[in-house]
Amino acid sequence: MDAVATLDGAVDDDVTHTTTGAPPHRYDARLARRLETKWQDYWEDHRTFWVPNPSGPLSGGFAEVADRPKLYVLDMFPYPSGAGLHVGHPLGYIGTDVYARFQRMAGRNVLHAMGYDAFGLPAEQYALQTGQHPRVTTEQNIANMRRQLRALGLGHDPRRGVATTDLHYYRWTQWIFLQIFNRWYDDDADRARPIAELIDQFESGARAPAGPANPEGRTWRDLDERAQRRVVDAWRLAYREMAPVNWSPALGTVLANEEVNAEGRSERGNHPVYRRPLEQWMLRITKYADRLLADLDLLTWPEPIKVMQRNWIGRSTGASIRFPVTSRDEVIEVFTTRPDTVFGATYLVLAPEHPLVDVLAPEAWAGPQAGEPDVPASWWGGADAVGRPRTAVGRYREEVSRCTELERQAEDREKTGVFIGAYARNPVNGALLPIFAADYVLMGYGTGAIMAVPGEDQRDWDFATALGLPILRTVQPPASFDGEAYTGDGPAINSGFLDGLAIADAKQRVIEWLEAHDAGAGATTYKLRDWLFSRQRYWGEPFPIVYGDDGLPRALPDSMLPVELPELDEFEPRVDGGADAPPEPPLARAEQWVEVTLDLGDGPQRYQRETNTMPQWAGSCWYYLRYLDPTNETHLVDPAVDRYWMTGEAGGGVDLYVGGVEHAVLHLLYARFWHKILFDLGYVSTEEPFHRLFNQGTIEATAFRDTRGFYVEASTVEEREGGFWLDGEPVTREFGKMGKSLRNAVSPDDIYRDYGADTLRLYEMFMGPLDASRPWSTADIIGMHRFLQRVWRNVVDEESGAVRVADAPADVETRRLLHRAIAAVRDDMTQLKFNTAIARLTELNNRLTQVVADGGAAPREIVEPLVLMLAPLTPHLAEELWSRLGHPESLAYMPFPEADAAELVDATVEIVVQVDGKARGRLQVPAAASDGDLEAAARAEPRVAALLADRTVRRVVVVPGRLVNFVLG
RNA sequence: GGGCGAGUGGCGGAAUUGGCAGACGCGCAGGAUUCAGGUUCCUGUGUCCGCAAGGACAUGGGGGUUCAAGUCCCCCCUCGCCCACCA
């Protein structure tokens with residue numbers, strides 16, 4: 001494990017940036033570290049950042065803050081990595097801390113806490129590497145991270161810092177799963193409802209027990225008890241399904257689609273991923289697709305993030321159209337966004353794994369029937385498959401499965417496919433359409449089948465061209481347009497029904513026709529898939545589910561929670577069998593735990609526990625609710641406490657949520673989904689969990705590669721002769737996100753040691769706007785350190801340590817500068833523009849430095865507000881100065897300075913005088929000067945007068961308070 | 001291929017939203033303090049011409065709107081991120 005940043009027992013001798021001959025009371029790293037430790041201890045001892053709830057066990061002290069508006073500031077749940085922090089990690093944490101401290105001083109009751117997302121794959125893998133139990137390494141890592149964050153001086157309420165691995169926490173994660181399991185989605189009411197109400201509807205006959213578990217469409221009474229339970233299970237929001245899943249042998253688990261990258265490898269570790277069928281837990285997030293989409297409008301989120309979520313949900317509207325097959329009593333249902341082009345369909349395509357392919361493809365093709373054209377050899381995909389669709393399809397599937405994902409998605413890849421020996425009829429005109437299996441149609445989207453319209457779809461065009469299929473345009477392209485599909489608008493042609501209509505009208509007309517003739521209907525489809533929710537891992541939440549002899553899942557009652565994760569000596573996934581071996585969850589090895597005798601209402605019986613565990617996303621889906629009420633044993637969160645902290649602007653939710661853009665889709669979509677379920681069930685009061693989202697940028701740094709292309713430790717590289725060298729070998733410089741993989745991490749420990757935490761905080765906030773990525777430059781830190789040194793020196797005598805401030809009033813100019821700074825800093829802090837806030841404070845302090853250099857002492861009237869304004873940014877230094885200025889209490893709750901409006905109004909203003917738009921002079925004029933006075937004063941300015949002499953002024957533009965512009969003829 | 005975002009001094013970045021481009025900091029130069037060094041202090045610092053006063057040119061490139069453009073519009077270039085056969 002890396003060295004831990006600790007300020008306890010600071011060793012002064014190793015402080016490199018402390019000058020031996022410097023004055024004894026200079027603000028340097030040694031002094032900074034000493035007072036940082038002092039104030040961190042003070043805040044802890046005085047419970048400075050304990051924030052009260054309106055009721056319940058954490059409500060002590062609420063009466064004093066009851067009149068303050070609440071503010072909930074949240075950081076994305078950190079994962080306690082074994083490698084420790086680098087300076088890129090705390091950027092967002094510092095930002096929220098500055099904001100929270102500012103708002104606390106500005107009169108808000110601020111909730112800010114930090115917990116740990118401690119289950120999951122990396123913990124398990126780290127434990128495997130170090131040969132220790134994940135519980136041990138996780139606890140060590142959390143302790144390490146707590147220490148590193150404490151050293152930053154973050155003002156968190158320590159009572160609320162839950163970890164997902166706490167039994168008291170994951171008990172509630174399991175409880176939420178049970179809530180989901182025991183609900184179904186009522187499309188009519190558009191909300192989740194108790195499963196008992198579904199059963200009532202089945203029993204009363206109000207609703208048919210339809211679904212995949214009842215393919216024959218029997219009535220409820222015709223089903224035996226087991227069949228009834230299977231029907232109900234298939235309606236639940238948490239259901240099991242045999243599904244093709246992303247199986248990673250190297251990780252020993254199944255991954256969600258979202259965790260697999262475009263190359264078909266795992267996001268985590270870049271291991272190969274294989275598709276294989278497996279019975280899995282799924283959460284029916286697709287039922288919430290419309291609400292997840294629509295409610296984005298309630299949120300104050302960065303627009304790109306909303307766009308990503310919209311794209312991920314991928315709502316498309318169009319029509320489903322039914323094409324009857326000629327050879328059998330089957331119908332192929334397709335989804336299209338362009339129903340208007342149905343007259344241009346010249347063939348149909350099924351995804352290779354579409355179940356109808358097996359049904360429709362005969363062993364031997366009977367040859368062309370009446371009205372059918374002959375079939376070219378190229379349609380069969382090989383000479384030996386001519387006339388034998390089943391052979392052709394079988395071989396085609398084999399070819400497709402051999403392709404890697406990368407090959408499959410290659411852009412210029414030629415379209416392939418085979419004829420399955422069957423035809424369908426176009427419902428609108430009776431045209432005979434050959435049916436193909438081709439992998440450019442995906443089983444996972446729409447119905448897994450399309451009508452191909454090569455005239456108006458480029459993919460269909462490519463396929464039609466490759467296999468010699470006819471192309472018919474049904475939208476008139478521009479005159480010169482040729483050689484590709486036309487997707488633009490234009491009048492419909494070649495239909496005899498829609499001709500002349502624009503696309504939108506034609507679509508509507510076709511949908512009406514389809515619905516009237518029972519051949520299809522308007523339809524909506526989504527890219528979003530249901531959430532694959534089980535993992536074959538050890539280090540996760542066990543499901544509160546057992547199986548009886550019938551093999552069907554049974555929910556445990558709340559009274560049997562938590563289902564504790566059993567101790568296991570061996571928790572590695574079994575990968576011996578390779579990619580084809582069935583994955584075996586590690587928990588299956590805990591036989592004593594798996595086999596249980598329980599009374600679930602019908603007497604003690606033998607059951608087997610579910611051995612999958614939940615994905616890491618589960619714990620991070622609701623932690624922000626537990627921060628509110630971390631010790632509640634009877635409720636997930638007390639309703640009154642939830643209402644107090646979560647009620648806010650439209651949709652409600654956390655007031656400010658700061659985190660990385662990498663969670664734009666997965667975490668933020670899953671958490672919204674769970675929140676909406678909890679809302680439907682009445683456990684939370686708001687539609688949305690996070691009202692305002694802010695993405696902090698990443699910290700980047702130079703990285704270096706050696707001649708073999710491997711990254712080398714950046715801190716060991718030397719620069720000379722215009723090049724970069726390591727051990728005499730040349731290395732090449734790159735630039736990228738700071739981290740382990742590029743070997744360019746800078747530890748905060750080093751920065752604390754050389755400058756102190758306040759300087760690190762200040763530097764990270766000064767580097768640029770919080771939402772921009774910025775390059776780390778250790779050399780630049782000194783600027784912020786100097787600034788703090790000057791602030792200190794302006795208040796504290798470096799030789800004696802005595803405070804030296806003047807109680808006499810400040811001069812007029814300095815006071816005006818102060819009030820302008822206050823107004824600007826307040827504004828900047830509200831908008832998270834800390835970089836410009838710091839610039840304003842620097843200006844103010846530079847002014848103080850002038851005053852001191854001119855032989856005066858810094859006026860208390862200026863110093864105290866300056867210290868208060870610095871407090872959110874550099875709290876240790878500010879507390880120390882505040883205390884030395886004679887204030888016995890922490891400034892954490894001191895009112896933030898307010899600008900005096902009178903001081904912001906200028907008696908005179910400087911205006912610019914332009915001639916032909918070029919600045920030629922400037923004037924001090926009374927702020928209230930009239931336009932005429934301004935023009936007259938401007939004309940009188942000597943330089944301007946000279947330029948205007950003998951010239952015709954064609955026009956005069958006067959902008960009060962800004963400028964006068966003379967436009968010459 | 002599609003979508004979104006960004007290009008400002010040697011560097012990180014400001015710019016009241018159309019009104020003095022370069023705040024603040026780094027770096028650099030000169031000076032002070034120091035035996036010395038700088039992690040201290042002061043002064044200067046967009047580029048070019050000029051001793052100076054001053055002038056010209058400057059916000060990726062080109063065009064446009066405007067009294068006035070880093071900011072608005074059109075075209076192009078470069079970089080970054082996201083999605084990617086989604087019918």
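Lettering of chains follows the sequences in order, A, B, ..., and the numbering in each one begins at 1.
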Compute the centroid of each ring, for Tyr755(A) and then for Tyr763(A), and state whether the two points are separated by less than 6.0 Å. no
CZ/Arg397(A): more than 12 non-hydrogen atoms of other groups inside 6.0 Å: yes
Base, sugar-phosphate, or nothing for [X], non-hydrogen atoms under 4.0 angstrom?
| X | result |
| --- | --- |
| Thr849(A) | sugar-phosphate |
| Val967(A) | sugar-phosphate |
| Ser316(A) | sugar-phosphate |
| Glu303(A) | nothing |
| Asn311(A) | nothing |

Watson-Crick/G-U partner (both atom distances under 3.5 Å) of [N]:
| N | answer |
| --- | --- |
| rU33(B) | none |
| rA84(B) | none |
| rG44(B) | rC28(B) |

Of the candidate nucleotides rG13(B), rC41(B), rA87(B), which contains the atom at the shortest distance from the side chain of Thr336(A)? rA87(B)
Per Lys833(A) side chain, nearest of listed nucleotides rU16(B), rA15(B), rA87(B): rA15(B)
What distance, rounded to whole Å, do you find between the two [atom1] atoms, one in [N] and one in [M]?
| N | M | atom1 | answer |
| --- | --- | --- | --- |
| rC49(B) | rU43(B) | C1' | 25 Å |
| rC76(B) | rG2(B) | P | 12 Å |
| rC24(B) | rC77(B) | C1' | 32 Å |
| rA68(B) | rG50(B) | P | 32 Å |
| rG55(B) | rA6(B) | C1' | 35 Å |

Kindly indicate whether a cation-pi arrangement holds for Lys415(A) with Tyr440(A), taking the cut-offs as under 6.0 Å to the six-membered ring centre and within 45° of the axis. yes
Review item, nucleotides 21-26 of chain B N/O atoms under 3.5 Å of protein N/O:
residue : atom : partner   : partner atom : Å
rA23(B) : O2'  : Glu843(A) : OE2          : 3.0
rG25(B) : OP1  : Asn846(A) : ND2          : 3.3
rC26(B) : OP1  : Arg786(A) : NH1          : 2.4
rC26(B) : O2'  : Asp780(A) : OD1          : 2.5

Reported CE-to-CZ distance for the pair Met829(A) and Arg840(A), which is rounded to 0.5 angstrom: 12.5 Å
Leu848(A) atom CG is separated from rC42(B) atom C1', nearest whole Å, by 17 Å
Round to the nearest Å and state the distance from Arg962(A) atom CZ to rG19(B) atom C1'. 7 Å
For a quick test of reading the model: is some side-chain N or O of Arg774(A) closer than 4.0 Å to OP1 or OP2 of rG12(B)? no
